[in-house]
Amino acid sequence: AWALRHHGHDLSFRRRLRGATAALGRPGFAFGTVALLCATVSGVQLANALARTTRFADRAAVLASRAGYERRYRHFHGRAQPAATALMLRVVLTPGEARAETRGTLTLVNQSMAPIDTILLNLPRDIRDASFTLSGNHTVSVDSVHQVALVVLQTAMRPGDSLQLDFAHTLDRGGVYASVPPRDVTRNGTVLLHPQLVPAVGYRPQQEIVDPRERAQVGLTITPTPWPRADQAHALASDPSWLMMDVTIGTDPDQVALAVGDLAAAWDSAGRRWFRYSTPQPVTPLTAVISARYAKHVAQAHGTTVEVWHLPEHAVNVDQVAQAALTSIATLSARLGPMPDALLRIVELPRWSGFGAFALRGMVLFPEHRGFLLDERAGGVDLLLRRVAHEVGHQWWGHSVEPPQAEGSLLLVESLAKDAEQAVVQSVHGAAGVDAILAYDEDRYLVGRADAGGDEPALERLTDEPWLYYGKGSLMMHAVRAAV
């Protein structure tokens, strides 16, 4: 820039180039030319790398994609689709390269009374090289824009028929990103949840746009697909159906991999550590693949084992986490019957996991800042006990009782887990401990009601309103318990 600055009144580039040659001399000009060439090549390579990893999708583009999904596939809503009844999964992790290679087999059964000639599969986001195979004559078409695959069967599945659907895909998070890169596959703390691993069968109304103004903006004139009424739930069965699961994970030799189910085997092979988990009976259709350099803390009481998997440097609250889980299990087992499984794993996750906590069958996932690094000082709400109790409560409400998605269904999952949370806190801290919870939940309810505006649905008609099933549901369950 200094050499190309203007000299005199002639501002032409040719004049500046001659001036630069004179100012730098031939060696300096040659060096500058090489540097410019290197910068150009590097810029082109960086642009190509960013194009491979980065998608700049504004709100309008996201809405257009969701509207496109609805327009193309809404006619599948209410149309018979097979139920997944068993899953075999093999995931090979390469944490240092941020890559996960997945292969699996879904057992699909036609549990309806109608023949099925087309299967709609919602693919995990951001995957590559997706493939599907099954026996018999069929065609597979993949809609990469909306992440959907359609499997058209030449011979329809009759009621009661089953088939094996093999699938494979790769999630590659390596490369250069223009912003914060995805962290689901990372060097120490990989977390892949079920939707990132396994195709989902059937149309997904939850992908539709709900806001009326946004629907009008993209030209959708019909109303969103309504949630089924509570009095229709008996006809929905379990949607999706529960699964037998067999999950094998390969990871780095210094890491431990975790998934839902009993640990059936662990071994070393080909420079990796391998873990196989299986469920002895069908369970709620959710699993996760987790891998990190974990340490394990074990606590036992009354025939129940709690394993706390944590980073070795995050051990400050581990014993409190384990004791909170054992207290919760003892209190809730006395009220609700034995916990479904004799083993509960509590797993520390990175803080960027995207949720406050998440319960799977026999496993509770806790981001580090929600419990393991929590500053547990005297006074106020016992946040650690409260959070652990709520997630342990889901072993009954959500993983023993799992209602179909219908109006009011979250009352039976989240509101009853809030009731479980209150019962555990009261067993430790008495009524005063519950009062602090109720004050928080009342604020949550009132703020949510004010923000939502419009008519407030009854609890039996709620759909996806956290201020109702967490806030008002908590108050309602406390009032019911006090009345009875």
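All heavy atoms count here, side chains included; hydrogens, waters and symmetry mates do not. Sequence positions, counted from 1, serve as the residue numbers for this chain.
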Original post:
Within the side chain of R351, is there an N or O that forms a donor-acceptor pair under 3.5 Å with the backbone of H369?
Top reply: no
Original post:
Can a salt bridge be assigned to the pair R273 and D252 using a cut-off of 4.0 Å between side-chain N and carboxylate O?
Top reply: no
**OP:** Indicate yes or no for a side-chain donor-acceptor contact from H169 to the backbone of F167 under 3.5 Å, with no hydrogens or angles considered.
**Re:** no
**OP:** Indicate yes or no: does R370 engage E348 in a salt bridge with an N to O separation below 4.0 Å.
**Re:** no
Subject >> Least distance between heavy atoms, P285 atom then L243 atom >> reply: CB-CD1, 3.8 Å
**OP:** Measure up the F358 and F355 rings against each other and bin them: parallel (under 30°), tilted (30 to 60°), perpendicular (over 60°).
**Re:** tilted
Subject >> Check: L120 and V201 side chains under 4.5 Å, non-hydrogen atoms >> reply: no
**OP:** Indicate yes or no: does R99 engage D129 in a salt bridge with an N to O separation below 4.0 Å.
**Re:** no
Original post:
Does any non-hydrogen side-chain atom of R66 lie less than 4.5 Å from one of H146?
Top reply: no
Subject >> Minimum-distance pair of heavy atoms, taken over all atoms of F372 and I346 >> reply: CZ-CG2, 4.2 Å
Original post:
Are R79 and D117 ion-paired here, with the side-chain N under 4.0 Å from a carboxylate O?
Top reply: yes
Original post:
With no hydrogens and no angle check, is any side-chain donor or acceptor of H194 less than 3.5 Å from a backbone partner on T287?
Top reply: yes
Original post:
Looking at side-chain heavy atoms only, is the closest gap between N122 and Q147 below 4.5 Å?
Top reply: no
**OP:** Look at the side chain of D143 and the backbone N and O of V145, then say whether any donor-acceptor pair between them is shorter than 3.5 Å.
**Re:** yes
Original post:
Do the non-hydrogen side-chain atoms of L121 and L165 ever get within less than 4.5 Å of each other?
Top reply: yes
Subject >> Flag side-chain contact, heavy atom, 4.5 Å: P457 against L468 >> reply: yes
Original post:
Do any N or O atoms from the side chain of Q164 and from the backbone of L134 form a donor-acceptor pair under 3.5 angstrom?
Top reply: no
**OP:** Might you work through the side chain to side chain donor-acceptor pair (under 3.5 Å) test for D172 and T170, ending with a clear yes or no?
**Re:** CA-CA 6 Å; D172 187 353; T170 299; over 6 Å; no
Subject >> Ion pair R173/E97, N-O distance below 4.0 Å >> reply: no
Original post:
Are E456 and K472 within salt-bridge range, i.e. N to O under 4.0 Å?
Top reply: yes
Original post:
Parallel, tilted or perpendicular: which fits the ring planes of Y294 and W309, with parallel below 30° and perpendicular above 60°?
Top reply: perpendicular
Original post:
Which pairs count as ring-ring contact (aromatic ring centres under 6.0 Å, His included) when at least one residue sits in residues 60-88, sequence neighbours excluded?
Top reply: Y69-Y73, Y69-Y203
Original post:
So how far is it from Y469 OH to S474 OG, rounded to the nearest 0.5 Å?
Top reply: 13.5 Å
Original post:
Under the side-chain contact (heavy atoms from CB on, under 4.5 Å) criterion, do M245 and L89 qualify, and how do the steps go?
Top reply: CA-CA 8 Å; M245 290 192 283; L89 197 63; over 6 Å; no
Subject >> Check: L344 and M363 side chains under 4.5 Å, non-hydrogen atoms >> reply: no
Original post:
In terms of side-chain heavy atoms, does E407 have a donor or acceptor partner in T463 at a distance below 3.5 Å?
Top reply: no
**OP:** State whether W467 and R444 meet the cation-pi test: NZ (Lys) or CZ (Arg) under 6.0 Å from the six-membered ring centroid, and within 45° of the perpendicular axis.
**Re:** no
Subject >> Under 3.5 Å donor-acceptor, N110 side chain and M157 backbone >> reply: yes
**OP:** Keeping the roles fixed (side chain from S333, backbone from I329), state whether a donor-acceptor pair exists under 3.5 Å.
**Re:** yes
**OP:** Using a 4.5 Å cut-off on heavy atoms from C-beta on, say whether the side chain of V91 contacts that of T248.
**Re:** no
Original post:
Does a donor on one side chain and an acceptor on the other come within less than 3.5 Å for E402 and W242?
Top reply: yes
Original post:
Below 4.5 Å, heavy atoms only, C-beta onward: do H297 and E307 meet side chain to side chain?
Top reply: no
**OP:** May I ask you to decide if G371's main-chain N or O and N317's side chain share a donor-acceptor pair within less than 3.5 Å?
**Re:** yes
